[in-house]
Every structure is written in C-alpha cells, then in structure tokens.
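Since the structure comes first, as structure tokens, the remarks are kept for the end.
Quick note on labels: first sequence line is chain A, next is B, and so on, each numbered from 1.
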Amino acid sequence: MKELEKQYDPKTVEPYWYDRWQQKGYFHGDASKGGTPYCIVIPPPNITGILHIGHALNNTIQDILVRWQRMEGKNTVWLPGTDHAGIATQNVVERALRKEGKTRHDIGREAFVGKVWDWKEEYGGTIIRQLKRLGASCDWERERFTMDAGLSEAVEEVFCQLYDKGLIYRANYITNWCPRCHTALSDEESEHQDVAGKLYFIRYPVKRDGKLTASEFVVVATTRPETLLGDVAVAVNLKDDRYKALIGKTLSLPVLHRDLPVIADDFVDPAFGTGAVKVTPAHDPNDFEMGQRHKLAPINVMNPDGTMNEGAGPYAGLDRFECRKRIVTDLTAAGLIEKIEAHQHAVGHCYRCDTVVEPRLSLQWFVKMKPLAEPALQAMLDGRVRFVPERWNKVYADWMGNIRDWCISRQIWWGHRIPVYYCDACHHQWAARGKPGHCPQCGDANLRQDEDVLDTWFSSWLWPFSTFGWPHKNPDLALYYPGHTLVTASEIIFFWVARMVMAGIEFMGEVPFREVYIHGTVRDDKGRKMSKSLGNSIDPLTIIEEFSADALRYSLMMITATGQDVYLSNEKFEIGRNFGTKIWNAARYMQMQDPAGPVRAAAGFDAALLSADDRHILAKLSQTIEACTENLKRFRFNDAAQDLYAFIWHEFCDWYVEYSKDVLYGQDAARRAEVIKVMHYAFSTALRLLHPFMPHLTEELWHGMGYGSEEETIMLAPWPKPLTGELAQWGATPEVVQYVDARHELIRMGRMLRADCGIAPGQKLDYSIKPNTPQLTVWLKADTTTLMSMLKAKSVSVDAAFVPAAAMPSALTPIGALYMPIEGLIDVKAESVKLTKQLEELGGHLERANMKLNNPSFINKAKPEVVAQFEKSRQELQEKFNKVKRLLDMMG
RNA sequence: GGGUGUUUAGCUCAGUUGGUUAGAGCGCUUGCCUCACAUGCAAGAGGUCACAGGUUCAAGUCCUGUAACGCCCACCA
C-alpha cells in the first residue's frame, strides 16, 4: 500500500505492470494443469504491418475476452504470432533492393530469401512490441510465425495429404495475374473496383470466298482492345437472326489479318453490345471456356510483366495500356472503329499493390474446394460454429455454396515452396514431406522442386492447430483445440475464417472454434477506411502516448457497438482518459479518508448499521456485475463499458461518494467504519469488472489501495458474481433501491428549483422528507405559478394545500410542497402486459363469437333461443373487452 | 445484377423479447476552482426516431414499399 500520487502517470505505470505480468508468467497457459480451457488464436498480423487502429480494436476485444475468462478461472491461452505475408513482404524487400539498383533476379533466389529473413529479424517484430504496449495478455512463450519450422512442417503435411487425396491439381487456367507482382492471385486477392472505362466497338471485315469484302463487317464490343491480338474467333448466339447467316463464315482480324471463324455459343447475350463477341481464350475466363468448347487453341499475347509478347506482332514490347492506345489509334486510322462509348465496369485490382489485374492463362496449382466446403457449410448449419452477429452466417454459407477452386501457387520466392518434385529421367511427379534424395520410381537423384511458393493463406488456414504442434499429437493440442472464440473483421471471412473451418474439419476432425465474432471496420469521421495513403489514419501509439493504453482501449470499447463500423476521431479518446482520472480521484478520496480501509472492509458488514444509501449502492453493484457479465457473454462490449461507466461515475462517485461525506466528516464512528467498508467493497469489485478494459490502471489501484498483497495480481482475482444472497442478508431489497432512486429524483428536483430560482449554491435550504410520503418542502423566492408549471413539466403531483404561511420562516415566502409517491407506485408495464393477455384472450373469444354469429349456416340451423343466448354472451364479452381496453387506455 | 448494413439531439452513436418520461459522450447555455477530481461539480436547452402505408390496446422497435449513403459478392464482352 502506498500513497496515490495526485496525478496518475500511465506512461510509467503501464509498462511497469506489463513487464511484471510477463515476468510472473501470468499470460502463460499450461496444459498439464488441466481445467476448463479457453483458447483464442490471434489473427496473425503481417510482419510488414505496424499497429493500426483496426488492430487496436481487434486485439483489445480479444484481450478483454481472455482477461475475463482468466479471472473466471479458465485455463487460458491467447496464442500470438505473425504471418509471413508472402507478396507484401517480398514487395517491401524488393523495394529496398531497388534502392541499391538491384532486382531479386540479380542476387538469386537463395540470397533473396536470406535477405527477407534478415528483414524479418530486424523489422518483423514491430507489431508484436506494439501489441505489448497495448497491454495484450498473449501467451508469448507460444509465439509462432507462419514460416517457422513447425508450421512449415504442417504446411507440407497438409499439402501432401491433399495431393495424395487428389484434391490438389495443376492446370493451365485463366487466373488473376498481377503484372507488377509477377504472380497469380486467388479470386479473393483480386479486388473489384468500379472503373469508368470505355467500350470500343470494332469492325471485323467479313471474308467471302477467301477474299475481303470492302463494306461488310461484324462489329464486336470490347473494353480491352489490345486483347484482340489474341483473338481466335468471333462468337454469336445461335438464335440471333442478325448473325445466323454468318455462322461458319470467316472474318479477318484487324491489324494482324488472321482468319477468324464465326462460331455459335450460348454464352453470348444478343442484348449486350452488338451481340457479337471476340473470343480471346488466353485473356478472358469466359473466352477460355468457349475456346475449350470449340477446340480453339489459345494465343497468349502478353508477357508476365504486362507487356505485349511476340504474339502481338508489331506491338510486341509495348506495355498493355500503351498498346491499347496505339491499337485504337491504328484502328481509327483504318476506319475500323465504329464508336467508343463510356462504360462503367468492375475491374480486378491486386490487393497488395492495387495494379489492374490481368486475366491470364498460366500453369498453376489449385485446391479442389467442393469436398472441403461441404462439411464446413454443414458445421455452420449444425451450429457447431456460429457467427456473431448472425448475419455473417449467410455470407459464409453463400461463399461455401458457390465456392471455386483455390489457386494456391504464387510465382514469388518468399513463402513455403511447393513440395512437389519432378524427375526428369522418368517424368515422375510427386509431393514429398522433407527433401527427397532420389526419385521413388526410377531412383534417379536428379530432381527438380517446383519453383512456385504457396499462397500465404495456405499456412494461415492451419493456424488454429499448426501453432499447437500439429501434425504431432501432444497435450497442448488435446486441451486447447478446438479453440473457443475467433475475433476478426469481416474482410477476412473468406480469406481466412472459412478456410480455417475447412482445414480444421479436414485435418483435426473438428471445427477450430465455436464462435466467430466479427467486429466492425474502423473508419475516419467521414466514413472512409483508415489508410496511410489517405493520411486519415489514427496511430494507436500516438494515442497511447497522448492519453494512455487504457484510455485507448476503453474509448474504443465505448464506441464499438456489436459488429458496427466505428467512426473515429481523436477527441473520442478523452472518454477513456477522463474516466481513468475520475476513478483515480475516487480512489484518492477513499485513501485520504482511511488508508487502512481495505483491511477493515474484509471483515464484512453489520447489516444493522447499513443505511438505505449503503444498501442502494450494493444493490446497484450487483446489477452492474450481472449486466456487465451478460454483456460480455453477448459481445456487447459497448454496453459492458457503459454499465461500468454509469456505475462508477454516476452511482458511485456522483451519489455514493457525495453521500458518504456527511458520514465520513461526521462524528458517528460506527457508521463511519461501515460506510468505509461499503465503499471499498463496491470499489474493489468494480475494479475487477473493469480490469479487462483498463488492465494497467486497475492493477495499479489494486495494489495502491492494498486490495491484494504484493505478490497477488488483479489479473487472477476472481470475476465478481451477482450478490443475490448477500443483498437479502444486507437488506438491500428492491424497495430500498426504489426508495433511494426516488429520493435522488427529489434531490435533483430541489437542485432544479434552486438553479431556476437563483438561490446561491452556498445558501442552505431546508429540505424535509417524511417517511412513507416523503415530502419536500421548499421555501423559495418565486411565485406559485412558476413552480406549478415547473412541476407540471416534470409530471410530479403537487399538493393543493400549500404549507400554511404560519409555519414558514417569516423572511421567506412559502410557495409549495412537493410529493413523490413512493408507496403504491404502479408497475405500469407489468399491469399492461397482464391486461393485454386478458384482452388477447377476450379478443379471440370475441372474434370466434362474431364469426359464428355472422355465419348464415349457424343462424339457419340453430334454434332461435340458442342464437339469442349466443348473442347475449357475445355482448357480455364485448363489454368486458371494452372495459379492459379502457383500463389499458388509462394506463397508456 | 445479387446480398447486406445504416438513417434517432448540433456531432458521434446506444436503444435487447413491441410497454412508464426515447438515452450516453462530445458540443452548447447558466452557475460554480464547494475540503477526491476544472481531465471536474450542479442545472438547463436541444428529438416529426429518413419518408409513405400497414399490423397492434400500444411501434424508434414488427410487416410492406420508397429514398439516400455505405459495405460485400459477381466471368455480360
């Protein structure tokens, strides 16, 4: 126990406690200790990354869950680590290399990969250090990297299993190609962006009897004129009368003068463009399929870097966009451009470098996804894994249901090299774990390994079990798999979450986590995504510097409604800072009153000495425990944060501390001791609830106040339980709560009157409250009309008989008396619900009765007495109905 | 094109199974450096709950439609 400084100093306090927690090993989970596991794996940030505000949000949420569950006594692991981020990291190192005037090809594969490792050693830990500054209670002893030995082993194992099962294949196919990164991309890595492009209408001359006709053309529309160099046909719809006669005829490809057949294909939509489509199998996925259907060999006219190759004839060597310009110029000169229209369409962009993606034919590796997706979809439908908020279930299901094969090969050097080997002697090809010495078929030792590396996500999708030592069986894997919760943003549901579910089921036989909490995206105050290029990003470390890590964490939680996007600006962080200051000062107040208070508080209360206010704050505390816990269970972090804020600031500080001053500065020693006990009880409990949100401040106060011994930590203090039994024991009944709440209302009204009537704050007024009909008598210098209207606005009843003038101090004018009915308050909601049920029942009867009476067959068949009797009872019912309705109206 | 989210105070947002007077923070107005806290205290003003219908005794909340903005997915060249 030490005296609290006047000013809280997070800059020294926060790192102090974080280091201590780490030294003491509080973050580490030990499988041999057994118990109920609670495991979260971190979405591994890229080694190229620096902590941005989205990470801060994501990791604060995870830390809150983990710290809460740790206090609940679970065997907790939050497994941290980083992702090697293939393309992104390679780009960074290549850029550095370029500054030296070199390319990766100049230094060779091995040296380049060595350089990336060097870079990783030097800079790859940045984000980890930043997570520590945030207060993340990760199990750092378990830190993993997607390229470390264990994970690489898992990657090879998975590749071989899928390969041997026939789920991995190699094929020539149109893939998304990034000409800047020189690699294929998966569909997910190609981001569609709307682009204001142009639709070029180009004339293809028709040949008759092998000769060009001067005036006959087929006009095709395209957004990428340069690809016409790779055309092998023009397609029309069989049902399109305009072109029927041309099917089977020959056209001449502009510029290159190649002969192109006119073919018929259902794919062509007669309503779009001109109804005639150029067929370019090497540069368009649809055309590729058409080419296959019609057995037309593709012509590739582009190099991997996006320049035109020798197939482009005179345009060889030009960049694709330069070529586009030139070809349009040339076509225009030749009179072959019919028109050019503006055309808005979606174009794929590389998710790493934002270059326009080129659909391009190349030899790539793929994973067959359907067999993996079906059980993963089923797991969600069964509820074995569920998304919060629920709406993401549908997004997940849609993707799983329409899944396409996953292109997993990348033409880069940084990553897990594809473990496929080729024997040139016998042309055998196989996948192997570890580096094989010779060909298993012919024994030849002259082997080649595939040059490509795997998609980064091919290691990420194994993260929940590869990090625990899979494929080797071990106690960690047995206890901590499957994990409990996954916390992430919606952007990587397809990249990562969905694929982890598939891998978990395929290789572990069970989903990797039970629930997936999808939080919102952090945006700036104009609704834009935070990004470096926009210059609108808020650097969490700057915020930590200016406010504190706890302030950052708490503020983020206050404004993050479940799954909603967060709009952020700098001043939002004042919430957390001010809250921290408030708490600090409340603690100082208590310490000043009685430094030994916490010790005495441990003794428990003497119920007979508790006042209504004491009981009230204890009841509110219990409500807060319950609400806060429930809200954490439901991922309602903003509500939980709000609960704590309202309790600590408004109940505890605004009311209870103020109330306590009367007692603590007073003479009644027994009451004084009791109030101090209550105060410490409430405060220390609130600190525990707040710990997951503001870990450093709460630990500092836990020790500063002396709630735990030097060797203890609030991190492992038990999570508070609602005080159901205790409240009854202490006499903290709902009536007491209602009474005190009502009195607060009265006091507020008194203050209002003071303020409105201009009574100086220093001037004492005489408020008297009588039991049962607590009456506030106010003497004020104001007229009755004013008071009446004020009271009316607050809908408080005013006794018609004012206090007799004789009873007033002569210097003041009596103006009114205020009544607050405490006994006999009607629970309008409960009563209404009761009546509503009655009404529904009556309504049902009534409707049936009406139906019967309106039914001709009933009237005809029934005896008149029966009808009369029926009519009578229907009227009675109606009356009853109206009565209930009137009652309801009165209450409403 | 399909899906999905948002629209509530000047601003940023809560508002759970429909139910008492629609809340919070910031900002604003007024008065206070009152012995924990001016990063504070007390009081106040400020709302046609996007719009139009509907269901209900009762709608910010449920249903139908409309509009604006946003996000995701998508091989009409």
Side-chain angles (χ1 to χ4, degrees), chain A residues 4 6-8 174 187 192 199 220-224 227 235 267-269 271-274 276-280 284-289 343 345-346 348 359 389 391-392 394-395 398-399 402 490-491 493-494 520-521 523 525 527 529 547 551 555 558-559 561 563-569 571-572 574-575 577-593 631 634 636 638-639 642 645-646 653-654 657-658 661 665 748 751-756 758 760-762 794-795 825-833 835-836 839-840 843 881 884-889 891-892:
Chain A
L4 299 176
K6 190 161 166 53
Q7 199 74 44
Y8 174 54
I174 296 268
D187 293 331
H192 288 92
L199 194 55
V220 303
T222 180
T223 53
R224 294 181 294 153
T227 63
F267 164 77
V268 182
D269 174 5
F272 186 88
T274 61
V277 181
K278 61 196 263 320
V279 181
T280 322
D284 183 279
N286 295 310
D287 294 7
F288 179 76
E289 309 247 318
H343 184 64
H345 63 143
R391 61 173 182 272
W392 297 108
K394 192 170 160 12
V395 174
D398 285 350
W399 189 75
N402 300 307
S490 62
E491 287 102 76
I493 289 179
F494 305 140
T521 306
R523 299 171 184 285
D525 49 8
K529 254 189 195 172
F547 298 94
S555 304
M558 266 307 249
I559 58 177
Q564 282 306 2
D565 285 356
V566 182
Y567 287 50
L568 213 52
S569 53
E571 62 268 21
K572 293 256 170 85
E574 288 173 8
I575 303 173
R577 181 199 56 188
N578 295 355
F579 188 42
T581 307
K582 188 73 181 175
I583 295 168
W584 185 259
N585 283 304
R588 281 181 58 231
Y589 166 77
M590 282 184 278
Q591 200 179 53
M592 277 166 62
Q593 292 301 332
N631 282 324
R634 298 172 59 195
R636 303 184 69 99
N638 60 327
D639 287 337
Q642 191 79 239
Y645 192 89
C653 294
D654 287 354
V657 165
E658 291 309 317
K661 286 176 180 171
Y665 289 112
R748 224 173 281 130
R751 286 171 181 165
M752 178 188 80
L753 292 172
R754 286 182 89 109
D756 288 1
K794 283 279 160 190
S795 55
L825 273 183
I826 301 167
D827 184 343
V828 177
K829 185 182 168 184
E831 287 298 317
S832 304
V833 168
L835 283 170
T836 303
L839 201 62
E840 271 166 12
F881 187 85
V884 174
K885 210 178 148 200
R886 269 201 304 278
L887 269 170
L888 271 172
D889 285 345
M891 281 189 309

Round to a whole Å and report the spacing from [atom1] of [X] to [atom2] of [N].
| X | N | atom1 | atom2 | value |
| --- | --- | --- | --- | --- |
| Asn638(A) | C13(B) | CG | C1' | 9 Å |
| Arg391(A) | G2(B) | CZ | C1' | 17 Å |
| Asn631(A) | A14(B) | CG | C1' | 11 Å |
| Lys6(A) | A38(B) | NZ | C1' | 11 Å |
| Arg634(A) | A14(B) | CZ | C1' | 14 Å |
| Asp639(A) | G25(B) | CG | C1' | 14 Å |
| Lys661(A) | U34(B) | NZ | P | 11 Å |

Who does [N] pair with, Watson-Crick or G-U, both distances under 3.5 Å?
| N | result |
| --- | --- |
| C71(B) | G3(B) |
| U34(B) | none |
| C57(B) | G19(B) |
| U66(B) | A50(B) |
| G10(B) | C26(B) |

Test: Lys582(A) cationic atom under 6.0 Å from Tyr645(A) six-membered ring centre, within 45° of axis: no

Using a cut-off of 4.0 Å on non-hydrogen atoms, how would the nucleic acid contact of [X] be classed: base, sugar-phosphate, or nothing?
| X | answer |
| --- | --- |
| Gln642(A) | sugar-phosphate |
| Asp287(A) | nothing |
| Arg577(A) | base |
| Ala346(A) | base |
| Val657(A) | base |
| Lys278(A) | nothing |

In terms of side-chain heavy atoms of [X], which of [options] is nearest?
| X | options | value |
| --- | --- | --- |
| Asn585(A) | A36(B), C41(B), A77(B) | A36(B) |
| Arg588(A) | G25(B), C37(B), A77(B) | C37(B) |
| Phe267(A) | A77(B), C37(B), U4(B) | A77(B) |
| Lys582(A) | G40(B), A74(B), C35(B) | G40(B) |
| Met592(A) | A42(B), A74(B), A36(B) | A36(B) |

Between Arg224(A) and Asp284(A), is the closest basic N to carboxylate O distance under 4.0 Å? yes

Side-chain N or O of [X] closer than 4.0 Å to phosphate OP1/OP2 of [N]:
| X | N | value |
| --- | --- | --- |
| Tyr645(A) | G23(B) | no |
| Asn578(A) | G25(B) | no |
| Lys394(A) | G3(B) | no |
| Lys572(A) | C11(B) | no |
| His345(A) | A74(B) | no |
| Arg636(A) | G15(B) | yes |

More 5' along RNA chain B: Phe272(A) or Phe494(A), using each one's nearest nucleotide? Phe494(A)

[atom1]-based separation of [M] from [N] [nearest Å]:
| N | M | atom1 | answer |
| --- | --- | --- | --- |
| G54(B) | A14(B) | C1' | 28 Å |
| C35(B) | G40(B) | C1' | 15 Å |
| C41(B) | C33(B) | P | 16 Å |
| G46(B) | G25(B) | C1' | 15 Å |
| U4(B) | G53(B) | C1' | 24 Å |

Take Ile583(A) and Phe579(A) through the side-chain contact (heavy atoms from CB on, under 4.5 Å) test and state the conclusion after the steps. CA-CA 6 Å; Ile583(A) 295 168; Phe579(A) 188 42; 3.7 Å; yes

With under 30° as parallel and over 60° as perpendicular, where do the rings of Phe272(A) and His343(A) fit, or are they tilted in between? perpendicular

What's the separation between atom [atom1] in [X] and atom [atom2] in [Y], rounded to the nearest 0.5 Å?
| X | Y | atom1 | atom2 | answer |
| --- | --- | --- | --- | --- |
| Trp399(A) | Ile493(A) | CH2 | CD1 | 10.5 Å |
| Asp287(A) | Phe267(A) | CG | CZ | 7.0 Å |
| Asp639(A) | Met558(A) | CG | CE | 10.0 Å |
| Arg577(A) | Tyr8(A) | CZ | OH | 13.5 Å |

Report yes if a donor N or O on one partner sits less than 3.5 Å from an acceptor N or O on the other, where the partners are the side chain of Glu658(A) and the base of A42(B); otherwise report no. no

